[in-house]
Amino acid sequence: MGNSSRKARTILSLRVLLASLCVLLVMLSGTVELVHSHADRADVHSNCALCVTAHATVHLVHAPAPAVATAVFARVEAAQPAAVPRTFRAFSHVTRPPPAAARPA
């Protein structure tokens, strides 16, 4: 029982460590992008990967059309129950009489 709780704590600590590492990596890359500059102070830096990605945007060709709300209805009909014969058939050669002890005297 102690082995499974130790394993669970190890997995939890690894998850916390991985999450912390991801947060630190995002903060570091944001800081590098923020303080990024060039010595020649030129506006065009087509050979710098940070400058190219900083100015890259998504250009829509046209505005997306709003989704049209349509209601879908389908008629559902209940199936008729199967016809069950309501007749009782008794075959005289198979039916046995009641036991002798149960006969009234």
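Below, all heavy atoms of this structure are taken into account, side chains as well, without hydrogens, waters or symmetry copies. Residues take their numbers from the sequence shown, with the count starting at 1.
- Not counting sequence neighbours, the partners of Ile11 by the side-chain contact (heavy atoms from CB on, under 4.5 Å) test are Lys7, Arg15.
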Going by atom type alone, with no hydrogens or angles, which donor-acceptor pairs under 3.5 Å involve a side-chain atom of residues 22-30 and a protein atom two or more places apart or on another chain?
from  : atom 1 : to    : atom 2 : distance (Å)
Ser29 : OG     : Leu25 : O      : 3.2
Ser29 : OG     : Val26 : O      : 3.0

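- Pairs engaging residues 15-37 under the ring-ring contact (aromatic ring centres under 6.0 Å, His included) rule: His36-His38 [sequence neighbours left out].
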Could you list the donor-acceptor pairs under 3.5 angstrom formed between side-chain atoms of residues 74-82 and any protein atom two or more places apart in sequence or on another chain?
none

